[in-house]
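Heads up: numbering here begins at 1 and tracks the sequence.
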Amino acid sequence: MNDKRTQMDYKQLVDLAGKARKFAYVPYSGLHVGAALLCSDGSVYTGVNVENVSYGATNCAERTAVFKAVSDGKRDFSAIAVVSDMDDLIYPCGICRQVIAEFKIPEIVVGDRKGSYRVHKLKELLPHAFTEF
């Protein structure tokens with residue numbers, strides 16, 4: 001993608017992630033997180049965090065989006081955006097970073113509740129991943 005298209009797509013991804021976050025199930029933390037995953041074919045899958053009283057059963061928004069896409073047969077991704085209702089940018093947790101690495105998602109767009117965002121390369125966020133990318 002050229003730079004103008006990429007920047008437009010990042011803003012659109014951030015907006016989609018922000019819209020998705022309202023569906024988060026967060027009775028324990030109250031922190032709503034949404035993600036939007038851009039597939040190489042242009043399709044987008046969203047995800048939200050789903051909490052559980054047994055914390056290990058909680059699933060993050062990023063993994064929800066990736067797992068939805070993979071369950072539909074998608075394997076080639078361009079970028080993922082993650083947005084919360086915090087004033088600060090939110091970053092994927094370690095488990096999500098490893099899942100992002102597994103599926104070689106090259107760009108991670110982190111955002112805040114106001115729509116501000118920053119783009120990172122996967123190697124910046126997970127320099128020593130188990131998976132080569």
Side-chain angles (χ1 to χ4, degrees):
M1 289 187 219
N2 66 41
D3 288 342
K4 287 183 181 181
R5 172 89 193 267
T6 301
Q7 291 303 314
M8 183 185 306
D9 288 345
Y10 291 153
K11 178 65 176 139
Q12 289 172 345
L13 277 182
V14 167
D15 290 346
L16 289 170
K19 289 177 184 172
R21 78 176 171 220
K22 70 181 176 184
F23 298 112
Y25 178 74
V26 292
Y28 308 103
S29 73
L31 178 64
H32 295 79
V33 181
L37 175 64
L38 177 62
C39 301
S40 295
D41 67 4
S43 59
V44 176
Y45 285 80
T46 59
V48 298
N49 54 326
V50 179
E51 294 180 347
N52 190 283
V53 70
S54 173
Y55 295 128
T58 294
N59 202 55
C60 299
E62 302 92 304
R63 285 182 287 140
T64 300
V66 170
F67 296 163
K68 284 170 61 177
V70 169
S71 71
D72 273 355
K74 305 293 181 175
R75 297 287 190 281
D76 194 14
F77 308 110
S78 300
I80 189 166
V82 58
V83 175
S84 78
D85 51 8
M86 297 188 315
D87 289 331
D88 296 324
L89 300 174
I90 190 164
Y91 284 81
C93 71
I95 294 171
C96 287
R97 291 178 194 204
Q98 188 59 52
V99 169
I100 290 167
E102 177 75 22
F103 290 99
K104 298 172 179 56
I105 304 168
E107 309 256 314
I108 297 96
V109 184
V110 295
D112 64 21
R113 69 178 179 84
K114 297 169 280 190
S116 298
Y117 65 92
R118 182 175 300 149
V119 181
H120 292 279
K121 298 287 186 192
L122 177 55
K123 283 188 179 243
E124 291 176 64
L125 298 186
L126 192 62
H128 302 288
F130 291 136
T131 307
E132 289 187 37
F133 44 87

At what distance, to the nearest 0.5 angstrom, does [atom1] of [X] lie from [atom2] of [Y]?
X    : Y    : atom1 : atom2 : value
Y91  : E124 : OH    : CD    : 8.5 Å
D112 : K114 : CG    : NZ    : 5.0 Å
T58  : Y55  : OG1   : OH    : 8.0 Å
Q98  : L125 : CD    : CG    : 12.5 Å
E62  : R97  : CD    : CZ    : 9.5 Å
L37  : I100 : CG    : CD1   : 9.0 Å

Which heavy atom in [X] sits nearest to a heavy atom in [Y], and how many Å separate them?
X    : Y    : result
L126 : A101 : CD2-CB, 3.8 Å
C96  : C60  : SG-CB, 3.3 Å
V44  : L16  : CG1-CD1, 3.8 Å
I105 : I108 : O-CD1, 4.1 Å
Y117 : K11  : OH-N, 4.0 Å
V14  : V83  : O-CG2, 3.8 Å

**Request:** Decide whether S54 and N52 meet the rule of one side-chain donor and one side-chain acceptor closer than 3.5 Å.
**Result:** no

**Prompt:** Cluster question for you: counting only ILVMFWY and a side-chain heavy-atom cut-off of under 4.5 Å, with indirect links fine, are Y28 and M86 together?
**Reply:** no

**Item:** Hphob cluster co-occupancy, V99 + V48, side-chain heavy atoms under 4.5 angstrom
**Value:** no

**Request:** For side chain to side chain contact (heavy atoms under 4.5 Å, CB included), just list the numbers for V82 and V110, CA-CA rounded to whole Å, side-chain angles, deciding distance to a tenth of an Å, and then say yes or no.
**Result:** CA-CA 5 Å; V82 58; V110 295; 4.0 Å; yes

Only distances under 3.5 Å count here; give the side-chain donor-acceptor pairs of residues 19-26 to other protein atoms, sequence neighbours excluded, each with its distance to 0.1 Å.
unit_1	atom_1	unit_2	atom_2	d
R21	NH1	S84	O	2.8

**Message:** With a sphere of 6.0 Å drawn around CG of L31, does it hold more than 12 non-hydrogen atoms of other residues, nucleotides or ligands?
**Reply:**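 It does: L31 CG has more than 12 such atoms within range.
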
**Request:** State which residue, out of I95, N49, V50, fulfils the side chain to side chain contact (heavy atoms under 4.5 Å, CB included) condition with R63.
**Result:**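 Between R63 and the candidates, side chain to side chain contact (heavy atoms under 4.5 Å, CB included) is satisfied uniquely by I95.
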
**Request:** Evaluate the side-chain proximity of E51 to P27: yes if any heavy-atom separation is below 4.5 Å, no if none is.
**Result:**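 Touching, per the 4.5 Å side-chain cut-off.
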
**Request:** For the pair F77 and F103, name the ring-plane relationship: parallel under 30°, tilted 30 to 60°, perpendicular over 60°.
**Result:** perpendicular

**Prompt:** So, the side chain of R118 versus the backbone of G111: is there a donor-acceptor pair under 3.5 Å, distance only?
**Reply:**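 Pair absent, no side-chain N/O of R118 close to backbone of G111.
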
